Each structure stands twice: as C-alpha cells, then as structure tokens.
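Fair warning: this is a prediction, and the values are worked out from it, not measured in the lab. First the proteins, then the strands, lettered A, B, ... as listed; each starts at 1.
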Amino acid sequence: MISGRHDGRSLLLDVVVLPHQPSSSQSTSDFTQPVLSMHSCRALIDTGSVVTCITDNIIAALSLRPYGLKQMGNVYSVANHKTFLVKLGFPVQDNGQQRHGLHILPKTVVAPQIRSMDHFDVLIGMDVIGLGDLNVMQTGRFSFAFEAA
Amino acid sequence: VDNSQLVSVIEDNFISFQAQLKTVLSVYHGQYVLLRHGKIIDYFRDAGAAALKGEACFPDGLFSVQEVANEPSSLGFYSHAYDIRPS
C-alpha cells in the first residue's frame, strides 16, 4: 500500500522509473548496480489522462530508447509523440512502518514523451491507476493499493 | 544504435503501420505489433514482450513497437492547459 498526503488540489507521489529491461549496451556487471538505471522522481496522478507519460528530463536521465510513436491530442492539434517502455516502482512501507521497499508494477508501461514540467516528472494516467485501488480521502490523505503490494 | 537512424526507422514503420491499420484493427485492437522494415512481424498482448522479441531477433535494434489503436490519446486537463509537446 502506498499512502501519503494530498493538498486538496493535486495528488503527487514518489515514483521510481526504470527501463523496461537493461539496455543491450550494458555490460553484465551493470546488472549488479541497478541503481544506475533507475530514476526517482515525482509523479502526478491524473485520472483525466488515458495514458501515463514521462517528461524529457526522465528520458535524458535514463538514456531511454524510443520504441514507437503515439498520437496525442494537445492544445493545438494532434501530434506524434515518441513512446518509451518503462517499469514504475512505488516506495512502500509495511504495516508497522518499520521496513521500506519498492513495489515494481509487473506491467510494462508504454509512456509517450511530454515536455518537462515544473512540479512533476511522470504523469500517471488511467492505464496505471486502473491497476490498483486509489482512495482519495477528505482527511487530506490518500492510499494507492496494488494486489501484490 | 544511432538515435537519428532509429527515429527514422520508427517513423517509417509508423507510416507503414498506419496504412495497414484498417486491416488489423478489429482483430488486434489494444495489442502491440513488432515492426521491421515496415512489416508486421508478430502481435503481442504486452509491449515489453514485443520489445524483448525485437531485441532477440534484431540485434541491430532497428525495429519498433506500436499499439494497435486508431484514436489519439488525451491527457485531459494537461492536453488543453499546457503545451505538452516535447521540447
């Protein structure tokens, strides 16, 4: 279970972005240092978005390879955005709050590229939100639970 | 893989795929295709599986993965309030 506080206007949470698999250019020794190929950042939960998107700076930080194109509606028209394949991980605590871990979603996320934003690096859309149970509470707290978390 | 070459391959595959989309949409909607030289190699339910197959079959990396879909995606509020196009 992921939990935290929201400010009544938006819901931001910590997330870790990983390439969907180690780059073929990585040597075997790189697999012992996974911290080199993941990036911790802030994510905005956006139920109005159909898809999860990642910003320019995440793509640059992880040197991600584009895999395809996706047509995205924007304020001007429809444009083709490059898509990247990533895994998302969420920091979790057990019920006693004594142990910390990272719950990595098994699903590979096809994330279109969007412009870097000031207050978030990942926009989590319904393709990911729908994988769990999101509860936004009037107390100013939220929880986001996944079956295996 | 040279990034500009890869982007060119992705764009060429996308154009070819758009031309083939009508014939495959009803059967494979929501799945992912692995594309090489503009041709559909195979269909997958998971994009990661398509990419892994591409990595295994095409060591030069010159392939792409496309979702079988014909509608632009919306980002809701952000689509209309901000310029989301990559810089």
Please determine whether residues [X] and [Y] belong to a single hydrophobic cluster, defined as Ile, Leu, Val, Met, Phe, Trp and Tyr linked transitively by side-chain heavy-atom distances below 4.5 Å.
{"X": "A:Ile124", "Y": "A:Val92", "result": "yes"}
{"X": "B:Ile40", "Y": "B:Tyr28", "result": "yes"}
{"X": "A:Phe142", "Y": "A:Val128", "result": "yes"}
{"X": "A:Val17", "Y": "A:Phe146", "result": "yes"}
{"X": "A:Leu123", "Y": "A:Leu12", "result": "yes"}

Please give me the minimum heavy-atom distance between [X] and [Y], naming the atom from each residue.
{"X": "A:Gly73", "Y": "B:Pro72", "result": "N-CB, 4.2 Å"}
{"X": "B:Ile10", "Y": "A:Pro66", "result": "CD1-O, 3.4 Å"}
{"X": "B:Phe63", "Y": "A:Arg65", "result": "O-NH2, 3.2 Å"}

Top contributor to chain A contacts, counting heavy-atom pairs under 4.5 Å, from B:Ala47, B:Ala51, B:Ala49
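Ranked by contacts with chain A, first place is B:Ala51.
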Between B:Leu35, B:Val65, B:Val7, which residue shows the highest count of heavy-atom pairs closer than 4.5 Å to chain A?
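Ranked by contacts with chain A, first place is B:Val65.
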So, taking the atom named CZ in B:Phe17 and the one named CG in A:Leu69, what distance separates them when rounded to the nearest 0.5 Å?
11.5 Å
About how many Å separate OH of B:Tyr32 and OG1 of A:Thr83, when rounded to the nearest 0.5 Å?
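Those atoms lie 9.0 Å apart.
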Side-chain touch B:Asn70/A:Gln71, heavy atoms, less than 4.5 angstrom
no
Counting only heavy atoms closer than 4.5 Å, note whether B:Asn3 contacts chain A via side chain, backbone, both or neither.
side chain
Side chain, backbone, both or neither: which part of A:Lys82 has an atom under 4.5 Å from a heavy atom of chain B?
side chain
The interface call for A:Leu85 against chain B, heavy-atom contacts under 4.5 Å, is side chain
Taking atom NZ as the centre, does A:Lys87 end up with more than 12 heavy-atom neighbours from other residues, nucleotides or ligands that are less than 6.0 angstrom away?
yes
Quick check on the interface: out of A:Thr55, A:Val51, A:Ile59, who has the most heavy-atom pairs with chain B under 4.5 Å?
A:Val51
